[in-house]
Structures are given as C-alpha cells and as structure tokens.
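What you see is a predicted model, and the numbers here were worked out from it, not measured in a lab. Start at 1 and go down the list; that is how both ligands and their atoms are numbered.
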Amino acid sequence: MDLDRINALRAEPVASASHIIDGERRPASDGAEIEVISPIDGQVLTTIPAGTAEDAAAAVRAARAAFDDGRWSGIAPAQRRAVLLRWAALIEDNALELAVLGVRDNGTEIGMALKAEPMSAAATIRYYAEAIDKLYGEIAPTGPGNLGLVHREPVGVVAAIVPWNFPLMIGAWKLGPALAAGNTVVLKPAETASLTLLRIAELALEAGLPPGVLNVVTGEGATVGAAIAGSMDVDVLVFTGSGATGRRLLEASARSNLKRVYLELGGKSPNIVFADAPDLDEAAKVSAHGIFRNSGQVCVAGSRLLVERSIHDAFVEKLAAHARAMKVGDPLDPATSAGAVNSLRQLDQNLRFVREAQDAGREIVLGGARILEETGGYYMEPTIVAGVAPGDRLAREEVFGPVLAVMPFDTEDEAVALANGTDFGLAAAIWTADLSRAHRMVRRVRAGIVHVNTYGGSDLTVPLGGVKQSGNGHDKSLHAFDKYLDLKTAWFKL
Ligand code: NAD
C-alpha cells in the first residue's frame, strides 16, 4: 500500500456532499445538513444533506420515470453490461481514494477496507454485469395444445437501505444485481457512511448510467428511510441493518403498497471448536480475526465461542494471545488490524455489554475498555468474556463490537443446543477433523452459512442470507437475481 498517498488523501478536505437525484447533485429540500464525524479523531469531516420526505419522494419519482420510459430497462442486456463494466473499472481506478474516504467516514482498518470495499464492490458489479446477458427464460413442459413461456422481467423501482459497516460491499450486493436486471434504484446509505456511496454514484454517471437510474438520498433513517419504506411507488425494498429497523420496514410495507421487503439482519454467530479440530493454533488465530477485525462490526462475526470443555482453557488462552497481538488504532495505518468503532453511540453500547457481564460476575479474560481516548477517536480493546451463561444478554443479543462471549460444552448435542439457542441464524463455524461430525453439524446448526475449519471469507459465488430473525433473502451469487427479476407467464393456446 502506498503510505505517502494514503497520508496525502487523509489530509484532503472533504467537500460537503449532495444527494444524487435524476443525475443531479442536490441539497436537502430545506437545506438542512448533518455533520459527519470521523471516528478516527472525533472531528467533523464534512456534511451530508439531512434529507427530507420530499427528497425521498423526488428520488422515487426520478427512479419511476427512468424505469417507465425504458432508458435502462428497455435496452439490451449487453448494453447494460457494457455500462456496468465501465463503472466497475472506474471504481477500481479510484480504489485507494474510495477506501481512504470510506475509512475516514466509518473507521474500518484500511487493509480490510481496500479489499472489502471498493475492490469487492467492483468485483460484484462486474459479476452481475457479466451474468445478465447469459440468463434465459423458460419454455414450460406443457401439453401439446399450449405454449407456456416464462419471462424474467425487472421488478421496477428498487429501494435499498444499507448500514454503515461495509457500505460499498453491501451496497454493491444490492446495486449490482438490481441494476444489471434493468431496475432503477433509490439508495439510502447510513448516516455515518454515505460518502463513498455518493462517490460511486457519481462514477456511475461518468460510466454512462442514464440519469434517474441510480438515485442516492442521504439523511436520517427515521425520515428518509421511513419515507422510502412507506412509498406507494417502490416495488421492492432491500435492506441490510438491524432487526428493529427491519420490523419497521415490514410494517411500512403492510401499511403502504405491500412492496416486497428483503431483510439481511444481525447475528450472534456461534463459532464451535471441538477438541479434535485439525489445527487449534490456526483455529484460534482465525477465530480472533473472525470477531475482532473491523472492531467486531461484521454481521457474520463469530461473536459466541463455543468450545469443548477439555480444551477450553488452553484454547481461550491461545485466542487471547492472538487478540493481544492485534494492533488496534489508527485505521489509516496499514499495520493496524482493527480500526475505530463507528460511532460514540456504538462504543457506549459495547462498553455497556461488558459492564453488565462484569456485574454478573463473568470473567473478563481480555480487554473491556475504551483506549486511545486522547486521539478523540473511538477505539476499543479486543474483549473476551468467559463463563457466559446461555441466558445472559451477551449470549443472546448482538453487540456489534469487539466482544467475544465464551461458553464451554461437553457433547455435540449440547453444542447444537447452545448454537441454536438465540433468535438469530446468520453464520456459524465448526472446527473438527471428523468429516461425519462436520456434515452432521452443518445440517443441525440453523444458520445461513456454516463455515467448516475456517471463519468468514466466503466469496461472491455463494449466497449470503440468514434464517430465523437474521433475515429472509439472499445477497451474492446468481440467487440474488431472484429479488430483482419477476417471473411472468405467457400462456398460449396453439
Ligand atoms: P440500522 O438498522 O440502525 O440502520 C441501517 C439503515 O437503516 C441505515 O441506513 C439507517 O439510516 C436506516 N434506518 C434506520 N431507521 C430507519 C427507519 N425507521 N426506517 C427506515 N430506515 C431506517 O443498522 P446499522 O446500525 O446501520 O447496522 C448494523 C446492523 O446491520 C447490525 O445489526 C448488523 O448485524 C446488520 N448487518 C447485517 C448484514 C447481513 O448481511 N445480514 C450485513 C451488515 C450489517
């Protein structure tokens, strides 16, 4: 990584941002702005428009008009592919600028941000662009007197509401398939991570995406997000974020036009280590990274360590050693392995969970405190809490911070019961050298993704989605198109 370039970029002032509606940069309808605080130092970085319900409506109108006149939905898939491939290339060309801007906005360590944000977004957009002119409709196996054709059509206006961790990666998981399929989009980034999504929307215009096809409206969830969710003219709403907001979106759909709502929500993912794991050192290292990278602000983070009692103490010590070796601090230093917590609010929430565990007599094996407060930024030590009871809040609720809850188990059945003992079902991992046990556990653990002898790192070719209260749809892979393409039947009498 080019350190001089990073240092030059981090010192650049960031101009006040605007919405992008109908291909134009626009302020909020009432001129109001939100200050963007950088979690690196707690200083004001820039401002974004504090969007209004009127702004949301304008964006939906622009998206509707762009969809209905066919400027995007009506062109050949190969033409859409060409525009999207240019867009992916522009994102790659600007990868370091985007990564540094994103880190200044949301605090993710630069090593991870560069790979997981612009590079991953570019790869995702390219993947769906390349796929779209290779998808066929169907001819149904009807009787001889009929012909049944199954068309796939874009669903129309898609609204995407996304969170602050990995805004480009998660944004691209929605934008790639939605746009490739021919839909138009209204995107609402999180208040604390809007800047890079606005920037890639500008790059999309530069790549030749027609105005109105991708609109970005920033602002508070309760205002802009709620207006989008309640719109009568949004056909599909895709969301990544918290369960509490997900519930509101379902209610808003029920109260408005019954738009389809696809939710990618939180997790409390069990990382299950059996004594026969092939390499306990590797398991400890990967497990430490699986919870502490990006300060635990990863939806699939392995936030519950379930470890077979016979190796409990030794394994927790190994994991703690790896965690101690992780450098927490300035996210723009390439040597940093965990950057800043996104906001003061999130940091306070993390610390509250730790205090509560302490008060309940749980063992704080490592960390537990805010650090580097003198920088003005929001940093927290990797934290390991052992002896957590299944009923504890720390065992059941998502912290979304660098806090690992450890629980021992004695048998496979007990591991399954603990693993499935929360309302979530996003990710899990099984560490074992016993192939039969690995397959048994994959079947028995209720989660959208079960890692075996690793944690995290699944690529674009596989779907990501939760079960139970972790969600109801899938991002990534060709399956993601299911959300953005409708099936339409044409039934002929011959
Ligand atoms: P959040 O629900 O607070 O916010 C997400 C988005 O919803 C933001 O853009 C926000 O402005 C908007 N929003 C908030 N209130 C709204 C309302 N009333 N109406 C409409 N929109 C509203 O979540 P967050 O704190 O930004 O993100 C963290 C959460 O996201 C965690 O729970 C995490 O697990 C989850 N997440 C899930 C995945 C996944 O793939 N399953 C990936 C990343 C993050």
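Less than 4.0 angstrom separates some heavy atom of Arg248 from each of these atoms of ligand 1: 18 (N). Annotation for ligand 1: atoms under 4.0 Å from non-hydrogen atoms of Ala226 are 19 (N), 20 (C). Of all the atoms in ligand 1, the ones that sit under 4.0 Å from a non-hydrogen atom of Leu426 are 41 (N). Applying the 4.0 Å criterion to heavy atoms of Glu191 picks out, from ligand 1, the atoms 10 (C), 11 (O). Atoms of ligand 1 found under 4.0 Å from any heavy atom of Gly266, numbered from 1 in the order shown, are 32 (O), 34 (O). Taking every heavy atom of Ile170 and a limit of under 4.0 angstrom, the matching atoms of ligand 1 come to 42 (C), 43 (C). Applying the 4.0 Å criterion to heavy atoms of Val162 picks out, from ligand 1, the atoms 6 (C), 8 (C), 9 (O). Residue contact check: Gly225 has heavy atoms under 4.0 Å from atoms 19 (N), 20 (C), 21 (N) of ligand 1.
With 3.5 Å as the limit, one finds a donor-acceptor pair spanning the side chains of Asn342 and Thr192. Defined by atom type and a distance below 3.5 Å, a donor-acceptor pair is missing between the side-chain atoms of Thr461 and Ser477. For the residue pair Ser287/Asn271, the side-chain donor-acceptor check at 3.5 Å is satisfied. Asp233 and Ser231 form no side-chain donor-acceptor contact under 3.5 Å, judged by distance and modelled atom types alone. A side-chain donor from one of Ser458 and Lys476 sits under 3.5 Å from a side-chain acceptor of the other.
The backbone and the side chain of Glu264 each have at least one atom closer than 4.0 Å to an atom of ligand 1 (non-hydrogen atoms only).
When the heavy atoms of Gly241, Gly246, Ser242 are ranked by distance to atom 2 (O) of ligand 1, first place goes to Ser242. Taking only non-hydrogen atoms, the option from Thr223, Leu464, Asn165 nearest to atom 44 (C) of ligand 1 is Asn165. For atom 38 (C) of ligand 1, the nearest non-hydrogen atom from the set Gly473, Ala229, Ala190, Cys299 belongs to Cys299.
Checked by distance only, ligand 1 and Gly267 stay at 3.5 Å or farther apart across all their nitrogen or oxygen atoms. The shortest N/O to N/O separation between Thr240 and ligand 1 does not fall below 3.5 Å. Note: an N/O pair closer than 3.5 Å links Trp164 and ligand 1 by distance alone. Distances between N or O atoms of Trp173 and those of ligand 1 include no value under 3.5 Å. Ligand 1 has a nitrogen or oxygen under 3.5 angstrom from a nitrogen or oxygen of Thr245. Considering both main-chain and side-chain atoms, Asp475 never comes within under 3.5 Å of ligand 1 through any nitrogen or oxygen pair. Remark: ligand 1 and Leu265 share an N or O pair separated by less than 3.5 Å (distance only, no angle test).
Using a non-hydrogen distance threshold of 4.0 Å, Pro189 registers as a contact of ligand 1. Contact between Phe239 and ligand 1 is present, with at least one heavy atom of the residue lying under 4.0 Å from the ligand. Under the 4.0 angstrom criterion for non-hydrogen atoms, Val298 is not in contact with ligand 1.
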Exercise for the section: Please test Arg260 against Asp486 for salt bridge (Lys or Arg N to Asp or Glu O under 4.0 Å), starting from the C-alpha separation and ending with a verdict. Expected result: CA-CA 11 Å; Arg260 287 178 218 155; Asp486 257 334; 2.8 Å; yes
Exercise for the section: Could you check Asp330 against Arg10 for salt bridge (Lys or Arg N to Asp or Glu O under 4.0 Å), going step by step and ending with a plain yes or no? Expected result: CA-CA 11 Å; Asp330 178 7; Arg10 79 183 295 166; 2.9 Å; yes
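In this structure, Arg393 forms a cation-pi arrangement with Phe353, its terminal cationic atom sitting closer than 6.0 Å to the ring centre and no more than 45° off the ring axis.
Residues Phe166 and Trp173 keep their aromatic ring centres 6.0 Å or farther apart.
Here the side chains of Leu351 and Gln349 are not in contact, with every heavy-atom distance at 4.5 Å or above.
Around atom CD of Glu373, no more than 12 heavy atoms belonging to other residues, nucleotides or ligands sit under 6.0 Å away.
When atom types are taken as modelled, the side chain of Ser337 and the backbone of Lys327 share a donor-acceptor pair closer than 3.5 angstrom.
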